[in-house]
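What's counted below: heavy atoms across the whole structure, side chains too, no hydrogens, waters or symmetry copies.
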Amino acid sequence: MSLQPAMPRLPATAEGRTASTPWRGTPAQGLSYGALGLPLAFVALPLYVVLPAHYAAEFGVPLALLGAVLLGARLADALVDPWIGRVVDRLFHPSPRRAWRVALAMGGVLAAGFAALFFPPVQGTAALLAWCSALLLVTYFSYSALSVTHQAWGAMLGGSAGQRAGVVAWREGFALVGVLVASVLPSVAGMGVTATVFAVLLAVGLWGLGQAPQPRGAPVLRDPSQVRPWRVGGFRRLLLIYLLNGIASAIPATLVLFFIRDRLQAAAHEPLFLALYFTAAALTVPLWVRAVARFGLAPSWLAGMLLAVTAFVWAATLGEGDVVAYAIVCAASGIALGADLTLPPALLAGVIQRAGHQGRSEGAYFGWWNFATKLNLALAAGLALPLLQLAGYEPGTRDAEGLTALTLAYCLLPCVLKLAAAGALYGLWMRHDTGGER
């Protein structure tokens, strides 16, 4: 059975562009566009979390060598994102149909690469490391290409602040469901079933994208370098805010298991805490969209930042056995996560609109945006882990000094960075002339 759905020919406008399908935010439109977010988030968790343990436990690959391979692959993945963005912009012209066809091909590569990573046909440490290196590059590349295409597609739909937030909400809502499923399925059903389920979900998501509202095409620029996101002041300001906020969120994500196991002495409750966090985020995404309609994008995001700070300041007071209190922290910070996932990309879509680049350069913008996202994760690990070691913390410690260092790194350092992001959002965005966008 072919994955290619029957798609009507889109009428051309007088300017030679492709007419867009209006985004009305109906459930049918949301499902068709957002569904691809589920498998893309689903595959990310096994690639970043499960794969290292799988190669170490199943094949005996030394952690140091495996870590070097993973670091190299992730750096290459981040660096190639801006280039992928430029290619995606080309693919959307003259019609989104071409971008969708390439996305189908990338989906096949991603599904095959994911399965091959977890079931290598080679033996021996050297061969396994070579196989892992090559397949990671292929898999990361196809994953990034699909992610940028999906994000650019949504941004091209345009609309008001509320409509843009609604587009992102459907995508990120499905992504949160994908994270929840991926956090359970590998341990319950094994990697064989996980790879099969992923391939099916990916096929459904790509089919849905073919049925989704169509973004408007625009004439290709002869020289793509004419559009440089870094020349747009609004993009520079927004990316700085996004980086500060992203590092603040990535540090606790890096240290959360250490805090649960050593500070709270509650390792048995890890699944509960993580489930509360992601479920709260998923359930409150629609509430953030409603907040945007009433208060605007930037004020709503600011409220999410301040909620996160409040939750983590409280977390700093917790200690051994404070399970219920930390569950409340997880729920509150999960609500704040809903704002972080939904509102910044909607603000970015507005930047693209006001710069006059809608329909032609979304890929370039989201290529750099994804680069910043991956840079946040790298910076979080690069900042938090060495600082913890210097401060005397070691996993499994009961030493008061080490636990204090862990609390400072997990709770208070993110609060400082989050407050800096909030200050930048207020000073560089809300008080700045942003063409009426708040």
query: Within a strict 4.5 Å, meaning less than it, do heavy atoms of the Phe278 and Val177 side chains meet?
result: no

task: For the residue pair His269 and Leu276, establish whether any side-chain heavy-atom pair is separated by less than 4.5 Å.
output: no

field: Student check: side-chain heavy atoms of Leu176 and Leu337 closer than 4.5 Å
entry: yes

message: Quick check: closest heavy atoms across Cys411 and Phe312, and the distance to 0.1 Å?
response: CB-O, 3.5 Å

Worked verdict on Ser183 versus Leu274 for side chain to side chain contact (heavy atoms under 4.5 Å, CB included): CA-CA 9 Å; Ser183 65; Leu274 295 178; over 6 Å; no

message: Please report whether the ring centroid of Phe258 lies less than 6.0 Å from that of Tyr410.
response: no

task: Check whether any side-chain heavy atom of Leu297 lies under 4.5 Å from a side-chain heavy atom of Trp429, and answer yes or no.
output: no

field: Test item: Leu348 and Phe366 side chains (from C-beta on) under 4.5 Å apart, heavy atoms
entry: yes

statement: In this structure, CG of Leu425 is separated from OH of Tyr242 (nearest 0.5 Å) by 14.0 Å

message: Using only atom types and a distance under 3.5 Å, with no angle test, would you say the side chain of Gln265 pairs donor to acceptor with the backbone of Asp262?
response: yes

query: If you look at every heavy atom in Cys132 and Tyr55, which pair is closest and at what distance?
result: CB-CE2, 3.9 Å

query: Counting only heavy atoms not in Tyr426, do more than 12 fall under 6.0 Å of its OH?
result: no

query: Is the closest side-chain heavy-atom distance between Asp81 and Trp369 below 4.5 Å?
result: no

- request: Compute the ring centroids of Phe114 and Phe118, then answer whether they are less than 6.0 Å apart.
  value: yes

Check: Gly246 main-chain N/O paired with Ser249 side-chain donor or acceptor under 3.5 Å: no

- request: Could you walk me through whether Glu320 and Leu403 pass side chain to side chain contact (heavy atoms under 4.5 Å, CB included), step by step?
  value: CA-CA 11 Å; Glu320 182 177 350; Leu403 292 177; over 6 Å; no

- request: Determine the minimum heavy-atom distance between Thr342 and Val168, stating which atoms define it.
  value: O-CG1, 3.3 Å

task: Might you point out which heavy atoms bring Ala422 and Leu302 nearest each other, and give the distance in Å?
output: CB-CD1, 3.6 Å

task: Apply side chain to side chain contact (heavy atoms under 4.5 Å, CB included) to the pair Trp288 and Ile335, showing each step before the final yes or no.
output: CA-CA 9 Å; Trp288 287 113; Ile335 294 171; 4.0 Å; yes

- line: Heavy-atom closest pair (Asp77 atom, Ser144 atom, distance to 0.1 Å) is OD1-OG, 2.7 Å

- request: Please say whether more than 12 non-hydrogen atoms of neighbouring residues, nucleotides or ligands are located less than 6.0 Å from CD in Glu270.
  value: yes

Tyr365 OH to Leu238 CG distance, which is reported to the nearest 0.5 Å: 11.0 Å

- request: Find out whether Leu209 and Tyr33 are in side-chain contact, i.e. whether some heavy atom of one side chain is under 4.5 Å from a heavy atom of the other.
  value: yes

task: Search all heavy atoms of Cys415 against all heavy atoms of Val309 and return the closest pair with its distance.
output: SG-O, 3.7 Å

- request: Could you give me the CA-CA distance, side-chain angles and deciding distance for Phe371 and Val80, then say whether side chain to side chain contact (heavy atoms under 4.5 Å, CB included) is met?
  value: CA-CA 8 Å; Phe371 170 80; Val80 80; over 6 Å; no

message: Taking Ser160's backbone N and O only, do any of them form a donor-acceptor pair with Gln163's side chain (distance below 3.5 Å, no angle check)?
response: yes

message: Tell me whether Asp89 contacts the main-chain N or O of Glu362 through its side chain, where contact means a donor paired with an acceptor under 3.5 Å.
response: yes

field: Residue Arg294 excluded, over 12 heavy atoms near CZ under 6.0 Å
entry: no

task: Find the distance between CH2 (Trp131) and CG (Leu117) and round it off to the nearest 0.5 Å.
output: 8.5 Å

Polar side-chain atom of Asp399 near backbone of Gly402 as donor-acceptor pair, under 3.5 Å: yes

query: When rounded to the nearest 0.5 angstrom, what distance separates CG in Leu146 from CG in Leu202?
result: 6.5 Å

query: Going by the angle between their ring planes, with limits at 30° and 60°, are Phe198 and Phe42 parallel, tilted or perpendicular?
result: parallel

statement: Interatomic distance, CD1@Ile352 vs CG@Leu347, rounded to 0.5 Å, equals 11.5 Å

message: Using side-chain heavy atoms (C-beta onward) and a distance below 4.5 Å, is Arg263 in contact with Thr407?
response: yes

- request: Start with the C-alpha gap between Trp153 and Trp100, add the side-chain angles, then the distance that decides, and say whether ring pair (Phe, Tyr, Trp, His ring centres under 6.0 Å) holds.
  value: CA-CA 10 Å; Trp153 188 299; Trp100 178 74; 8.2 Å; no

- prompt: Got a donor-acceptor contact below 3.5 angstrom from the Thr284 side chain to the Leu287 backbone?
  reply: no

query: Under 3.5 Å, side chain of Gln214 to main-chain N/O of Pro96, donor-acceptor pair present?
result: no

- request: Kindly say whether Trp230 contributes a backbone atom to a donor-acceptor pair with the side chain of Arg236 at under 3.5 angstrom?
  value: yes

task: Name the orientation class of the two ring planes belonging to Phe273 and Tyr326 (parallel below 30°, tilted from 30 to 60°, perpendicular beyond 60°).
output: perpendicular

- line: Output for pair (Leu128 CG, Glu58 CD), nearest 0.5 Å, gives 11.5 Å

